[in-house]
**Q** 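For reference, the structure I am asking about is given below.
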Amino acid sequence: MISAPSERAAWLRTELARHNILYYIHDSPEVSDSEYDKLYHELVKLEIENPELVTSDSPTQRVGATPASAFGSVTHKRPMLSLGNAFSAEELREFDARVKRHLGLPEDTEEKTEKIAYLCELKLDGLSVSLTYEDGVLVRGATRGDGATGEEITANLKTIPSIPLRLIGESLPALIEIRGEAFLTHGEFARINGEREASGGATFANPRNAAAGSLRQLDHRVTAGRRLKVWFYAVGEASGWEPESQLGWLEQLKAWGLPTAPERQLCADIDEVVATVAAWSEKKNTLDYDTDGVVVKVNDFILQRELGQVSRAPRWAIAYKYPALQVETIVEEILVQVGRTGAITPLAKLTPVSVAGVIVGRATLHNQDEIDRKDVRVGDTVVIQRAGEVIPEVVQVVTAKRPEGTQAFKLPATCPSCGTATIRVEGEAVTRCPNAESCPAQLQTRLEYFVSRNALNIDGLGGERLAQFIEAKLVSDAADLFTLTKEQLLPLERMGEKLADNLIGELERKKNTTLARLLVALGIRHVGEGGASRLAQGFGTLEKLREATVEQLAQVPDVGLTTAQSVRAWLDNNTAFLDKLIGAGVVAQGDDAAPISDHFAGKSFVFTGALTLFTREDAEATVKRLGGRAAGSVSKQTSFVVAGPGAGSKLAKAEQLGITVLTEDEFAALLPPPAPASRGGEKE
Ligand code: IVH
C-alpha cells in the first residue's frame, strides 16, 4: 500500500459507499459480498491503527457502542406536513376540482377539461423520518414528531444499511433535508415476532408498530438487529436546488443514492389517477410491505408552489385511503354475555371506530384464556380488526398506551344473570352457567334466537318484548310463546288490544313453518342454517328426523359425525319440549328451498367471503331452488367456490384442489334470466 493511510481510508469510504448504493439502490452490485467485506475490514483495521482517521460517515460507524439515555429534540426547519384524505373516486375528483379552482383554471365542461398531471405513489404504512445531509454527509436523522418538532434518532437511522451515510454524485447541495417512510417488510416482521414469541416476549400487532418500536429504541444496537427499510418521497429543504417535478425529485434522490419506492405512476389527469388507485387496490395485497393508500401529488413544482398549503396540509397532494382492516381504539368496558347454551362470553365495549368502512363498537374477547393471553384490560388501547365477514376481534393491546391502575380482567365466578356458580370443564376454553333450566339470560337468548329472521321469523317479537314475557313469568320455553293468550298479554306495559291481537295472530301463522327453519330455531349445537337445511332435505319431516339414528343422520351429505351425535343427543334430551311444541300446534313441513328447476343439477357451490349482491342465505337458497347443492365446506365434490372479499381458508382450499373459483358477478351471470311464473304457482 503506497498511499498515505488518510488517503487510503478516504478512498475506502467512498468506494464502500458506492458499492452500498449499487447494492441497495440499483440492485446491481459490482463486487461480491466477500470482496465488499475485504474492503470493509481493511477500513476497520486502518481506523483501529489510526483512530484520528475515523469520520462520522465511515461505514464502520453505523453501529456505535453506547446507547442513548434519552432522545434529543429536533425542530424541523420546514414543518413536516400531513395530508388530507380522500376515500372515494368522487373525493379524488373533488380534489382535482379544488386544485383547478385554486390555479384559476376554468371549470370542467362537457367539451373541455383542463388536465393536471399527478404523480401517484403508494402510501407506505410506517413512520416518517427526516434526514439531513450537509455537503453530502449524513449529519442528522429525526422522527416527524408532531410535524414541527421530532426526536433526534441519528444513531438509529444510521444502522439502516440502505441509508447512505454519504451521498454520491456531482454538485451535491450544500444542505438537503429529505423525508421518507421507515417500515418493515412482512418477512422481517414475521421474523421479529417469531423471535419475540420464542423468548416469551410480547409480539407486535403489525409491521407499523414494530417499525416504530424498532426505530425509537434508545439502544440503537437493537434497531440494527431489526433490518428496517426507508424509502424517500419528499424534500424539505435543499439549498440551491430547484427541481421541476415530483417525478424529477424521485429520480434525483435515487441518483444521489437514496432509496425510493419502486411503485410510482405518472398520470396525465385525474381519470388516470382514479384508474391507478383501483389497479393498486389489488396490487397492494401482493406486496411484501403494508400500504394504506395512494398519495396523489401534483407533479409540476411550479404548480405546487402556486397551490401552497392550508393549515398543516399541502393543497397539491392528497392521500387516497383504502379501507383500514386494523384500527386502534379504547376498551371502555368489558361486558359479560350469557349465551343460549350458557356459554359466558366476554365482550369489549369500544370507543366506536370505522374498520373497513363499518363502525365497530364491540369486539368479542372469546373466553378467559384469550383475555389472559392478550391481557386485555378496561382502559387499554387495543388494535382491532375485521376481516371479511368475521366478527371484529381484538388483535392486541398497545401496552405502551396502558393507563396506570388497570387490572387484569377475570370472568365472574357466578352467572351475572342467575347467580349460579359458573363452571369450566377441564380442557375446554368456555366458562358456562350450568343452569340451563331457569337462567333468565339463557332463556332470553334462546328465545331471541328462536324468533329471529332465519329461524321462525316471528315479526314484532324482539329482545325487549321477550324480556318482558320472561320477567312476567309468561314463558319458560319457546313452546309457551304459542299458547300465550290476550288476557296474559294485556296487563303488560306498552301493550294494547291491537298489538296483542297482532302478536297472537303472527304467532298463530308462524306455527306453520318449515323443518329447516325449526331446526335452526332449536339452536342445536353444530347445526347452523346449512346443516338445518341439509337435514331437512334428508328427512323431510320432524317425525322421521326424531326417529333417525346417529348413522342415518351422518349419511346426510355434508353432515358429519359430530353434528349427527349432537342432533341425536339434543333430540333425546328434549323429548318433552318437542312434544310440548307439537302440542302447542307447531307444524314443520315442506322446504323453503325446494328445487324448481334442474339448472344447477349435480352442481355444488360453496360461498365464502363477503357477498354484496346476495345474502349468503339467498345465494344458497337460489342454488337449491335451481336444483344444485349449497355446501358449507370445500371438498373434491365441490363444483364452484364463490369467493367475495375477505375469503380465507375456503378459498385457499379451493385453489389447492383446483376447484373453479367465481366472483359474485360471475356467479350471478350463471343464473338463468328470471322466470315469469312464481314458484308458489308451480308447486301447488
Ligand atoms: S408526502 C406534504 N408521500 O403519509 C406531503 N407521504 O399523511 C408529505 N406517507 O406523514 C407527505 N407514504 O408519513 C408522502 N409516498 C408518500 C408517503 C407519505 C407514506 C406518510 C407520511 C406522512 C403521511 C401523511
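In what follows, every heavy atom counts, from backbone to side chain, and hydrogens, waters and symmetry copies are set aside. Sequence positions, counted from 1, serve as the residue numbers for this chain. Remember, it's 1-based here, ligands and their atoms both numbered in the order they're listed.
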**Q** Identify, for atom 10 (O) of ligand 1, the protein heavy atom at the shortest distance, and state residue, atom and that distance.
**A**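 I find the closest protein heavy atom is Ser128 OG, 3.5 Å.
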**Q** Indicate, as side chain, backbone, both or neither, the part of Glu181 found under 4.0 angstrom from ligand 1 when only non-hydrogen atoms are considered.
**A**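 Near ligand 1, Glu181 shows its side chain, while the N, CA, C and O stay back.
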**Q** So, Phe189 versus Phe183, ring centres under 6.0 angstrom or not?
**A**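 Distance test on ring centres: not under 6.0 Å, no.
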**Q** Heavy-atom pairs closer than 4.0 Å: do any link ligand 1 to the side chain of Arg179, the backbone, both, or neither?
**A**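 Contact part for Arg179 vs ligand 1: neither.
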**Q** For Ile302, is the CD1 atom crowded, meaning more than 12 foreign heavy atoms sit under 6.0 Å from it?
**A**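 No, CD1 of Ile302 has 12 or fewer neighbouring heavy atoms, counting only those of other groups under 6.0 Å.
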**Q** Please check whether Ser82 reaches ligand 1 - meaning an N/O of the residue sits under 3.5 Å from an N/O of the ligand, judged on distance alone.
**A**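 Such a contact does not occur with ligand 1.
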**Q** Which atoms of ligand 1 are found less than 4.0 Å from any heavy atom of Glu121?
**A**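 Ligand 1 atoms under the 4.0 Å threshold to Glu121: 3 (N), 15 (N), 16 (C).
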**Q** Students should be able to answer this: which protein heavy-atom is nearest to atom 12 (N) of ligand 1, and at what distance?
**A**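 Answer for atom 12 (N) of ligand 1: Leu124 N, 3.1 Å.
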**Q** Can you pull out the closest protein heavy atom to atom 23 (C) of ligand 1? Residue, atom name and distance to 0.1 Å, please.
**A**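 Ranked first by proximity to atom 23 (C) of ligand 1 is Lys123 NZ, 3.9 Å.
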**Q** With a sphere of 6.0 Å drawn around CZ of Arg362, does it hold more than 12 non-hydrogen atoms of other residues, nucleotides or ligands?
**A**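 Result for CZ/Arg362: open.
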**Q** Using a 3.5 Å cut-off on N or O atoms only, is Pro314 in polar contact with ligand 1?
**A**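 Not met; the criterion fails.
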**Q** Would you mind telling me which of Trp241, Phe232, Tyr133 makes a ring-ring contact (aromatic ring centres under 6.0 Å, His included) with Trp256?
**A**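 The passing option is Trp241.
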**Q** Within ligand 1, which atoms have a heavy atom of Leu81 less than 4.0 Å away?
**A**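 Here the atoms of ligand 1 in question are 2 (C).
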**Q** Between Glu177 and Arg78, does at least one N-O distance fall below 4.0 Å, as a salt bridge requires?
**A**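 Not counted as a salt bridge, because no side-chain N and carboxylate O are separated by less than 4.0 Å.
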**Q** To the nearest 0.1 Å, how far is atom 3 (N) of ligand 1 from its closest protein heavy atom, and which atom is that?
**A**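 Of the protein heavy atoms, Lys297 NZ, 3.0 Å lies nearest.
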**Q** Can you name the closest pair of heavy atoms from Arg196 and Thr203 and give their distance?
**A**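 That would be NE-CA, 4.3 Å.
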**Q** Side chains of Thr154 and Glu152 only: does a donor on one sit below 3.5 Å from an acceptor on the other?
**A**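 Their side chains do contain a donor-acceptor pair, which is all the 3.5 Å distance test asks for.
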**Q** Report the nearest protein non-hydrogen atom to atom 17 (C) of ligand 1: residue, atom name, distance rounded to 0.1 Å.
**A**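 Result for atom 17 (C) of ligand 1: Tyr233 CE2, 3.4 Å.
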**Q** Ring centres of Phe301 and Trp316 under 6.0 Å apart?
**A**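 No; Trp316 has its ring centre 6.0 Å or more from that of Phe301.
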**Q** One residue to check: Leu83. Relative to ligand 1, which of side chain, backbone, both or neither has a non-hydrogen atom less than 4.0 Å away?
**A**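 The part of Leu83 near ligand 1 is both the backbone and the side chain.
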**Q** Enumerate the atoms of ligand 1 whose separation from the nearest heavy atom of Leu122 is less than 4.0 angstrom.
**A**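 Here the atoms of ligand 1 in question are 12 (N), 15 (N).
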**Q** What part of Asp125 sits under 4.0 Å from ligand 1 if we count only heavy atoms: the side chain, the backbone, both or neither?
**A**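 Near ligand 1, Asp125 shows nothing, with every heavy atom at 4.0 Å or more.
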**Q** Does Lys284 make a cation-pi contact with Tyr322 (under 6.0 Å, within 45 degrees of the axis)?
**A**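 Yes, Lys284 and Tyr322 form such a contact.
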